[in-house]
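Shown next, in structure tokens, is the structure this report addresses.
Values below: every heavy atom of this structure, side chains too, minus hydrogens, waters and symmetry copies. Each residue takes its place number in the sequence, starting with 1. The model shown is predicted, which means the values in this text are computed figures rather than measured ones.
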Amino acid sequence: PGIILLGNALAGLQDLDNAVELGQRVVQLEPERVGGYRNLGVMEALRGNAEFAEQAFTKAMALDSTSVKPALALGDLHRATGAFAKAEDAYKRALAIDAKNSTANQALASLYIAWQRPKEAEPFLKTAAATSTDADDTLALADYYLAMGRRGDAKAVLTTLARGNEEAFVPATTRLAVIAYGSGQREQGHRLLDEAVVKAPTDVAAL
């Protein structure tokens, strides 16, 4: 653990060569430690060595087939290097382990959108919204519907969210105001924005 902490500290100081060296020492001393390979993979990725990072993440996946973290890390690596097909495979491996994992669902949905395959993103965004306690996942689904020109679906999602989640009332109501304006219902849009500002007088988006 001490070597790992030192390696992380060196990485934070941008001393990536020594950080990687310590990371390699960790996996040599504890070859069955999954976290060691994940850390090494991150450091190699930061150093720009995608090949060694992939090897480290793949080893972590082999050591722990029940955790989504190594698969997500590998998917993120492939996406960052433009290898979208490999990223898709890695994210799907994460979902095979935990189909309701919101991070994995959001990651695959985001990949499909970046890959110009937005229609394939919807089921994963819906799963994330349905299984997550974070309102941002539901807002992401609403934003997807807005981007796809599906105002009715976005309005339904946002209305339910605004009524059932006090913390999400302002961002949901602000988006509902945008939909109202876009539909030519200016008075309703003003009313919704007034409600949002009363609820949160310093909210930047509402203002």
Side-chain angles (χ1 to χ4, degrees), residues 1 3-5 7-8 11-12 16 19-20 22-24 26-145 147 157 161 165 167-168:
I3 296 178
I4 293 176
L5 289 173
N8 289 341
L16 297 176
V20 167
L22 288 174
Q24 292 170 342
V26 168
V27 298
Q28 290 170 357
L29 292 172
E30 298 183 79
E32 301 302 314
R33 186 185 182 95
V34 177
Y37 287 99
R38 285 207 309 267
N39 278 353
L40 179 59
V42 170
M43 292 172 189
E44 288 284 19
L46 289 172
R47 196 167 62 159
N49 197 330
E51 180 182 355
F52 287 150
E54 180 179 357
Q55 292 174 4
F57 290 140
T58 301
K59 180 65 176 179
M61 289 170 59
L63 286 173
D64 187 359
S65 60
T66 63
S67 174
V68 301
K69 289 182 179 180
L72 286 174
L74 182 60
D76 291 344
L77 173 69
H78 285 316
R79 177 174 177 175
T81 59
F84 283 4
K86 288 184 176 181
E88 179 185 27
D89 289 342
Y91 291 146
K92 284 184 174 180
R93 284 192 62 172
L95 289 172
I97 297 169
D98 183 1
K100 295 182 178 181
N101 184 279
S102 61
T103 303
N105 277 283
Q106 286 284 8
L108 187 53
S110 176
L111 175 70
Y112 283 139
I113 292 170
W115 204 354
Q116 303 301 312
R117 295 164 58 181
K119 291 183 179 180
E120 295 176 61
E122 181 178 2
F124 302 101
L125 289 169
K126 290 176 72 173
T127 298
T131 59
S132 174
T133 58
D134 189 341
D136 284 343
D137 288 321
T138 304
L139 290 170
L141 176 62
D143 288 341
Y144 166 80
Y145 285 142
V157 170
L161 182 62
N165 189 318
E167 292 183 0

Q) Would you say the side chains of Y91 and N105 form a donor-acceptor pair under 3.5 Å? A) no
Closest non-hydrogen atoms of L77 and E54, given as atom of the first, atom of the second and distance, are CD2-N, 3.5 Å
Residue pairs passing the side-chain hydrogen bond (donor to acceptor under 3.5 Å, both in side chains) test with at least one member in residues 131-142, sequence neighbours excluded, are Q106-D137, S132-D137
In short, side-chain hydrogen bond (donor to acceptor under 3.5 Å, both in side chains) pairs touching residues 93-102 with sequence neighbours left out are none
Salt bridge (charged side-chain N to carboxylate O under 4.0 Å, His left out) filter on D143, not counting sequence neighbours, yields R175
By ring-ring contact (aromatic ring centres under 6.0 Å, His included), F84 pairs with (sequence neighbours left out) W115
Who passes side chain to side chain contact (heavy atoms under 4.5 Å, CB included) against [X], sequence neighbours left out?
{"X": "A121", "result": "A109, Y112, I113, L125, Y144"}
{"X": "A94", "result": "V68, A71, L72, A104"}
{"X": "A83", "result": "H78, T81, K86"}

The complete set of salt bridge (charged side-chain N to carboxylate O under 4.0 Å, His left out) pairs with one or both residues in residues 108-117, sequence neighbours excluded, reads E88-R117, R117-E120
Across all chains, not counting sequence neighbours, the side chain to side chain donor-acceptor pair (under 3.5 Å) partners of S110 are R79
